[in-house]
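In what follows, chains carry the letters A, B, and so on, assigned in the order in which the sequence lines appear, proteins first and then strands, with residues in each chain numbered from 1.
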There are 2 protein chains.
Amino acid sequence: MIAPRGKRSYREYCAIARSLDLLGQRWTLLIVRDLFLGPQRYSDLLAGLPGIATDLLTARLRTLEADGLVRRRELPPPAHTTVYELTESGRRLGPVIRALGEVGLELLGTPAPDEPVNPGPVVMSLMLSFHGDPDLVETYGLELDGQEFGVVVDRGTVRSERGAPSDAAVTLRTDARTLVLLLRGEPIPEGALKVDGDAAAFDRFVAAFAHDGRS
Amino acid sequence: MIAPRGKRSYREYCAIARSLDLLGQRWTLLIVRDLFLGPQRYSDLLAGLPGIATDLLTARLRTLEADGLVRRRELPPPAHTTVYELTESGRRLGPVIRALGEVGLELLGTPAPDEPVNPGPVVMSLMLSFHGDPDLVETYGLELDGQEFGVVVDRGTVRSERGAPSDAAVTLRTDARTLVLLLRGEPIPEGALKVDGDAAAFDRFVAAFAHDGRS
DNA sequence: CCGCATCCGTTTCGATACTG
DNA sequence: CAGTATCGAAACGGATGCGG
């Protein structure tokens with residue numbers, strides 16, 4: 001049992017209060033979100049959390065570490081950087097992230113012009129919005145704002161990971177905002193999207209993840 | 001689309017960030033938790049949220065109302081009180097509450113002596129900890145600290161509601177803390193538990209919800 | 001009593017500057 | 001790159017007051 005943390009614990013014998021003692025502080029669940037696609041460096045996390053103060057990011061990482069949800073790992077030379085990653089316990093938060101995502105997905109309109117659109121969340125939302133052929137088995141590559149992702153569709157389930165997949169049927173190179181506009185059926189800037197690979201696979205990708213009038 | 005709220009919105013185009021814009025403030029999800037078992041008066045909510053300031057409860061209820069998750073309803077005479085209840089949108093938060101509960105359930109040890117144990121959360125945790133006969137269909141009545149609940153087991157699923165059920169096989173009258181101790185297999189104060197009804201049904205209840213060495 | 005509103009000391013957060 | 005240090009602004013906790 002992890003002791004409820006200091007001053008601001010809810011101090012109630014309740015499963016939900018206990019999990020909020022771990023996760024309820026501002027930014028904590030967004031950090032978990034970013035780590036769900038794979039290990040991240042401090043500066044990558046900082047870039048993916050628009051507006052967080054640097055000391056708060058440090059504090060949250062320390063707390064998550066103390067609670068056993070996140071682990072610091074020093075990469076061996078020559079990389080010589082430290083990354084943060086979810087532990088086995090941390091990965092059990094998947095259903096929480098998914099449930100929050102499903103609630104929020106319906107509240108997302110078109111991104112406001114001044115609203116940051118980061119690659120990680122966009123890729124993650126794909127796992128929630130799949131509505132293609134239930135028998136489809138295919139892997140897609142995404143390069144968004146220079147970051148590479150693999151999206152694996154396997155009979156109705158969707159996995160996403162950081163890093164270029166080896167077996168992508170098609171790879172889309174663009175920025176996160178343009179991908180959102182594309183999937184919402186809105187006009188996209190000319191030349192903002194490059195498609196490498198099977199054009200039919202590209203069509204299947206758009207059909208499976210487009211957020212247009214399917215209601 | 002609900003516009004991201006003022007100052008402390010995350011202002012990121014992300015499904016999880018959006019849902020946390022609605023739910024991420026302190027106490028908000030615990031209020032939703034308490035409303036999940038049925039409508040509650042202001043003072044009942046206050047009693048179920050140990051430590052919340054009165055103006056914060058009011059502020060959170062207003063925000064939840066503005067976001068369409070909670071509705072105020074004036075009961076007709078002669079009751080003449082106002083209750084808060086979840087709207088249809090609010091009830092869609094079920095998976096969020098459930099996911100958080102499953103995370104927190106494993107962190108709950110035995111309640112500390114100074115830790116409040118409220119009936120609502122205890123009843124709600126029953127929905128997460130059922131491990132009885134998958135074919136069992138039975139209704140149980142609970143009266144905890146004077147509050148009545150019905151727990152309906154129906155082939156592996158468990159529903160709970162406020163109010164005494166009409167068709168309970170057995171009714172347990174006790175306090176929330178004693179019920180927790182009972183289900184954890186710990187000694188309970190003499191005379192703290194009264195069982196009304198079928199003794200075999202009581203045994204099935206304990207077997208189905210006990211949290212003892214089943215790992 | 002119920003359903004809040006007001007006040008005030010404490011804690012947390014946001015923003016930015018700075019360092020090994 | 002990966003954090004500390006600093007400081008004003010906002011949020012929170014606790015007590016108290018008040019009209020129906």
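- In this model, no donor atom of one side chain and acceptor atom of the other lie less than 3.5 Å apart for A/Thr157 and A/Asp154.
- Whole-Å rounding puts the A/His80 NE2 to D/dA2 P distance at 10 Å.
- The side-chain tip of A/Arg26 points at the ring of B/Tyr10 from less than 6.0 angstrom away and within 45° of straight on.
- Although no hydrogens or angles enter the test, the distance criterion places a donor-acceptor pair under 3.5 Å between the side chain of B/Thr174 and the main chain of B/Ala192.
- With values rounded to the nearest 0.5 angstrom, A/Leu30 atom CG is found 8.5 Å from A/Ile52 atom CD1.
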Between protein and nucleic acid, restricted to nucleotides 1-3 of chain C and to nitrogen or oxygen atoms under 3.5 Å apart, what atom pairs and distances do you find?
{"from": "C/dG3", "atom 1": "OP2", "to": "B/Ser43", "atom 2": "N", "distance (Å)": "3.1"}
{"from": "C/dG3", "atom 1": "OP2", "to": "B/Ser43", "atom 2": "OG", "distance (Å)": "3.2"}

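- Using a 4.0 Å cut-off, no side-chain N or O of B/Trp27 falls inside it from OP1 or OP2 of D/dA11.
- Under the 4.5 Å side-chain criterion, counting only non-hydrogen atoms from C-beta, B/Leu75 is not in contact with B/His80.
- Put simply, CD1 on B/Ile31 is 11 Å from P on D/dC12, counting in whole angstrom units.
- Using a cutoff of 4.0 Å between basic side-chain nitrogens and carboxylate oxygens, B/Glu88 and B/Arg92 are not scored as salt-bridged.
- In this structure, CG of A/Leu45 is placed 13 Å from P of D/dC1, rounded to the nearest angstrom.
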inquiry  = For a quick check, with a 4.0 angstrom heavy-atom cut-off, what is the B/S/- contact string for nucleotides 15-20 of chain C, read 5' to 3'?
reply    = BBB---
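- Taking a 6.0 Å sphere around CZ of A/Arg62, one finds it holds more than 12 heavy atoms contributed by other residues, nucleotides or ligands.
- Taking atom CZ of residue A/Arg11 and atom C1' of nucleotide D/dG14, one finds them 15 Å apart after rounding to whole Å.
- Rounded to an integer number of Å, the gap from B/Gln25 CD to D/dA10 P is 14 Å.
- Minimum heavy-atom separation, A/Leu100 to B/Ser19: O-OG, 3.0 Å.
- Put simply, CG on B/Leu20 is 14 Å from P on C/dC13, counting in whole angstrom units.
- B/Leu57 has its CG atom 15 Å from the C1' atom of D/dG14, to the nearest Å.
- Atom CG in A/Leu56 sits roughly 15 Å away from atom P in D/dA11 (whole-Å rounding).
- By the salt bridge (Lys or Arg N to Asp or Glu O under 4.0 Å) test, B/Glu186 pairs with no residue at all, sequence neighbours left out.
- A close approach under 4.0 Å does occur between a side-chain nitrogen or oxygen of B/Arg26 and OP1 or OP2 of D/dG13.
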